[in-house]
Amino acid sequence: MNEIDAHFLKGVELFNRGAFFEAHEEMEEAMNLLEDDTSDWEFYLGMLRAAVANHKLEQGEVSSAQLHLRASLKFLEAYPDRHRAIKLREFRSALSAELARVEAGDSVVAPRIEMAA
């Protein structure tokens, strides 16, 4: 496993534990290591923005969370259903449902990032 993957997978683990700020930091570190390879830049950015959105929800910053959820979905939409060992179709669906609940003012449970087999 390379350093990029190590940081990204640590970010996924932190996200799933509800440590969204720390997850965002790890995913940002993975992005910083990409250097000139920008082929997956939007994927990493979409995952990072999902972490930021959930951190903002924890802080009660609903409008900021909505902004980040929409951005996350936009960045992730072009990627296949399985990408970088992530069940991305399911994650996008969960983010969409989370956004709908936030917009409706309903209670929100953060989605989980599932790994593909």
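Side chains are part of it too, since the values below use all heavy atoms of this structure and drop only hydrogens, waters and symmetry mates. Residue numbers count from 1 along this sequence.
Salt bridge present: Glu90 and Arg82 bring a charged side-chain N and a carboxylate O closer than 4.0 Å. Comment: Arg101 does not engage Glu98 in a salt bridge, judged by the lack of any side-chain N to carboxylate O separation of less than 4.0 angstrom. Salt-bridge annotation for Glu114 and Arg89: absent, with no side-chain N of the basic residue lying under 4.0 Å from a carboxylate O of the acidic one.
Under the salt bridge (Lys or Arg N to Asp or Glu O under 4.0 Å) criterion, Glu58 pairs with no residue at all, not counting sequence neighbours. For Arg112, the side-chain contact (heavy atoms from CB on, under 4.5 Å) test picks out Asn16, with sequence neighbours left out. Evaluation of the salt bridge (Lys or Arg N to Asp or Glu O under 4.0 Å) rule for Asp5 yields Arg84 as partners, not counting sequence neighbours. Listed by chain and number, the residues in a salt bridge (Lys or Arg N to Asp or Glu O under 4.0 Å) with Glu61 are Lys56 (sequence neighbours excluded). In terms of the side-chain contact (heavy atoms from CB on, under 4.5 Å) criterion, residue partners of Leu9 (sequence neighbours excluded) are, by chain and number, Met1, Met115.
Between the side chain of Asp106 and the backbone N or O of Val102 there is no donor-acceptor pair closer than 3.5 Å. Ser72 contributes no side-chain N or O that, together with a main-chain N or O of Arg49, makes up a donor-acceptor pair within less than 3.5 Å. Between the side chain of Asn32 and the main chain of Leu34, no donor-acceptor pair closer than 3.5 Å is present.
When all heavy atoms of Ala53 and His68 are compared, the pair lying nearest together is CB-CB, 3.6 Å. Minimum heavy-atom separation, Glu42 to Phe75: O-CB, 3.3 Å. Between Arg70 and Leu99, the shortest heavy-atom distance links the atoms CG-CD2, 3.7 Å.
You'll find the side chain of Asn54 reaches within 4.5 Å of the side chain of Pro111, heavy atoms only.
Within the structure, ring-ring contact (aromatic ring centres under 6.0 Å, His included) contacts touching residues 80-104 (residues at least two apart or in different chains) are Phe15-Phe91, Phe43-His83, Tyr79-His83.
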Just do the side-chain contact (heavy atoms from CB on, under 4.5 Å) check on Asp81 and Lys87 with the steps written out, would you? CA-CA 6 Å; Asp81 290 345; Lys87 291 184 176 181; over 6 Å; no
Let's go through Tyr44 and Thr38 carefully: what are the C-alpha distance in whole Å and the side-chain angles of both, what is the deciding distance for side-chain contact (heavy atoms from CB on, under 4.5 Å) to 0.1 Å, and is it a yes or a no? CA-CA 10 Å; Tyr44 286 104; Thr38 60; over 6 Å; no
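Between the CE atom in Met47 and the CE atom in Met27 there is a gap of 5.0 Å [rounded to 0.5 Å]. Taking CG from Leu33 and CG from Asn2, the interatomic distance works out to 8.5 Å, rounded to the nearest 0.5 Å. Atom OG of Ser96 is separated from atom CD of Glu77 by 10.0 Å, given to the nearest 0.5 angstrom. Note that CG of Leu48 is 13.0 Å distant from CZ of Phe20, once rounded to the nearest 0.5 Å. To the nearest 0.5 Å, the span separating CE on Met31 from NE2 on His24 amounts to 9.0 Å.
Note on Ile113: it does not cluster hydrophobically with Leu14, by side-chain heavy-atom contacts below 4.5 Å among ILVMFWY residues. Val108 is connected to Val52 through a chain of hydrophobic side-chain contacts under 4.5 Å among Ile, Leu, Val, Met, Phe, Trp and Tyr, so both are in one cluster. Linking Ile, Leu, Val, Met, Phe, Trp and Tyr residues whenever their side-chain heavy atoms come within less than 4.5 Å places Leu45 and Ile4 in a single cluster. Linking ILVMFWY residues whenever their side-chain heavy atoms come closer than 4.5 Å, directly or via other members, leaves Phe21 and Val62 in distinct clusters. Both Leu88 and Leu69 sit in one connected hydrophobic cluster of ILVMFWY residues. Membership requires side-chain heavy atoms under 4.5 Å apart, directly or through other members.
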